[in-house]
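Here the structure is laid out as structure tokens; the discussion comes afterwards.
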Amino acid sequence: MREPSTLLLCLTTIILVVRAPYALNSTAARPGWLAGAFGLLAVICLGFLIPVPALDAVLGSAGYWNILGSTSTTLSFHFMYQAILIHTSRAQPRYYPYGLMFALAASSASFCLIQGRQEEFESVEEFIAALIEQPWTALYLSIYLGSVAIISGLSIHAVWKTPPRAKTFLAGFILVILGNVTDIGLLWLQHTRLVDPGIPAFLYKLYIALFFSGVIALCIGFLRGSFRSLLRYLQFVYYALRIRRILGQTGTEALDPAAILMDPRNSCYQGLILVRDFMTLGGFILNGAELALTQKADELLTDFPLATPPTR
């Protein structure tokens with residue numbers, strides 16, 4: 001598990017860095033960034049970056065690293081789903097928020113009913129091996145894994161109903177569902193001890209392969225979209241700064257550099273309007289390079305328009 005966890009750690013960190021410039025001021029970009037943040041926290045709770053005893057000590061030495069990891073994973077998939085809904089312009093099911101809250105509350109309640117010194121364990125594997133005989137342990141993990149699988153299924157529905165379908169996301173969510181269903185079956189086999197010990201070992205390896213392959217595919221899909229969004233953000237920053245320089249020739253300082261960095265698309269839009277106003281009303285003349293620049297900025301705004309153009 002260490003190798004795929006390390007890869008996930010790198011991918012989620014890159015997602016946080018790449019999405020940061022526009023996630024702070026764009027509501028639409030925020031869920032994807034939060035998905036990466038909770039995903040990073042979930043990976044940290046596996047204990048490969050920060051040893052579980054050290055992490056547990058920060059949380060009060062009561063084994064809460066385990067519930068923190070499962071809750072973070074669930075919230076990561078939740079925000080992934082929210083990002084997909086925004087991208088596909090689809091609405092979430094009416095009772096989804098209540099279902100999510102119930103699942104988080106039920107898993108937390110089940111966790112609290114588990115008997116044993118959970119702070120003694122240094123990995124999820126040790127926790128399961130020692131406490132899986134308790135029905136609350138199997139129930140806690142089943143609710144968590146089932147919640148992630150259901151959210152993945154809802155995400156598949158949103159992607160499938162909105163062509164063109166993103167095959168990377170479809171494959172990732174399908175693998176996650178297959179992995180979690182496998183692990184739920186494995187947990188109850190371990191709890192009941194109805195099969196040979198070799199079968200759970202095989203199923204655990206299968207779960208790791210399916211789940212981590214799926215999550216890695218999802219991260220790659222988000223990264224691809226994140227890099228496209230970052231490139232578009234930088235393009236708008238470039239054009240807005242160049243338009244600001246053009247406006248500087250008129251003696252106006254209408255475009256603030258901080259505003260450009262916060263919302264470069266809006267700044268670019270406002271800057272083009274001012275340039276055209278000066279050209280129409282003030283006799284302001286652009287040279288060939290400046291005219292070509294404004295045309296390219298206008299084409300970019302045509303390809304990626306404002307959702308609601310601001311009033312002048």
Side-chain angles (χ1 to χ4, degrees), residues 4 8 11-12 15 28 30-39 41-43 67 69-111 124 138-189 203-226:
L8 277 181
L11 291 175
T12 51
I15 289 174
R30 226 160 280 162
W33 190 87
L34 288 172
F38 280 106
L41 182 57
V43 175
I67 188 69
S70 61
T71 302
S72 297
T73 303
T74 304
L75 290 176
S76 179
F77 276 84
H78 160 70
F79 284 113
M80 241 187 281
Y81 178 44
Q82 300 305 303
I84 288 172
L85 290 177
I86 292 173
H87 180 71
T88 58
S89 300
R90 301 190 67 84
Q92 68 183 12
R94 181 179 177 182
Y95 296 107
Y96 171 80
Y98 303 104
L100 176 65
M101 288 187 290
F102 174 79
L104 292 175
S107 64
S108 298
S110 300
F111 177 82
V124 176
L139 184 62
Y140 152 63
L141 292 171
S142 296
I143 294 173
Y144 145 60
L145 292 167
S147 300
V148 171
I150 291 172
I151 296 173
S152 297
L154 292 172
S155 300
I156 289 175
H157 181 265
V159 173
W160 188 264
K161 290 290 185 178
T162 309
R165 303 181 184 97
K167 295 180 181 179
T168 303
F169 285 103
L170 288 174
F173 285 121
I174 289 172
L175 288 170
V176 167
I177 292 173
L178 292 175
N180 282 14
V181 170
T182 299
D183 200 25
I184 291 173
L186 165 62
L187 289 168
W188 288 101
L189 286 176
L203 289 177
Y204 181 71
K205 292 180 181 179
L206 180 61
Y207 157 69
I208 293 296
L210 291 170
F211 179 80
F212 279 92
S213 296
V215 175
I216 289 170
L218 293 174
C219 287
I220 291 173
F222 265 95
L223 271 178
R224 187 168 56 186
S226 298

Query - Verdict with supporting geometry, M80 and F222, side chain to side chain contact (heavy atoms under 4.5 Å, CB included) - result: CA-CA 9 Å; M80 241 187 281; F222 265 95; 3.0 Å; yes
Enter the distance from [X]:[atom1] to [Y]:[atom2] here, rounded to the nearest 0.5 Å.
| X | Y | atom1 | atom2 | result |
| --- | --- | --- | --- | --- |
| L175 | F211 | CG | CZ | 11.0 Å |
| S110 | L141 | OG | CG | 9.5 Å |
| Y81 | I150 | OH | CD1 | 11.5 Å |
| I156 | I174 | CD1 | CD1 | 4.5 Å |
| Y204 | D183 | OH | CG | 7.5 Å |
| Q82 | R30 | CD | CZ | 13.5 Å |

**Report entry** Full working for side chain to side chain contact (heavy atoms under 4.5 Å, CB included) between L145 and L187
**Finding:** CA-CA 11 Å; L145 292 167; L187 289 168; 3.7 Å; yes
Looking at every heavy atom in both [X] and [Y], which two are closest together, and how far apart are they?
| X | Y | result |
| --- | --- | --- |
| I67 | S107 | CD1-O, 4.2 Å |
| T73 | A42 | OG1-CB, 3.3 Å |
| A103 | I143 | O-CG2, 3.6 Å |
| V176 | L218 | CG2-CD1, 4.3 Å |
| P31 | A83 | CB-N, 3.7 Å |
| L100 | H78 | CD2-ND1, 3.5 Å |

Query raised in the report: Could you go step by step and tell me if F169 and S155 meet the side chain to side chain contact (heavy atoms under 4.5 Å, CB included) rule?
Result: CA-CA 9 Å; F169 285 103; S155 300; over 6 Å; no
Query - Side-chain heavy-atom pair W160, T88 within 4.5 angstrom cut-off - result: no
Query raised in the report: Is the F79 ring parallel, tilted or perpendicular to the F38 ring (thresholds 30°, 60°)?
Result: parallel
Query raised in the report: Does Y144 have its ring centroid less than 6.0 Å away from the ring centroid of F111?
Result: no
Report task. Run the numbers on I84 and F173 for side chain to side chain contact (heavy atoms under 4.5 Å, CB included), then give the verdict. Result -> CA-CA 12 Å; I84 288 172; F173 285 121; 3.4 Å; yes
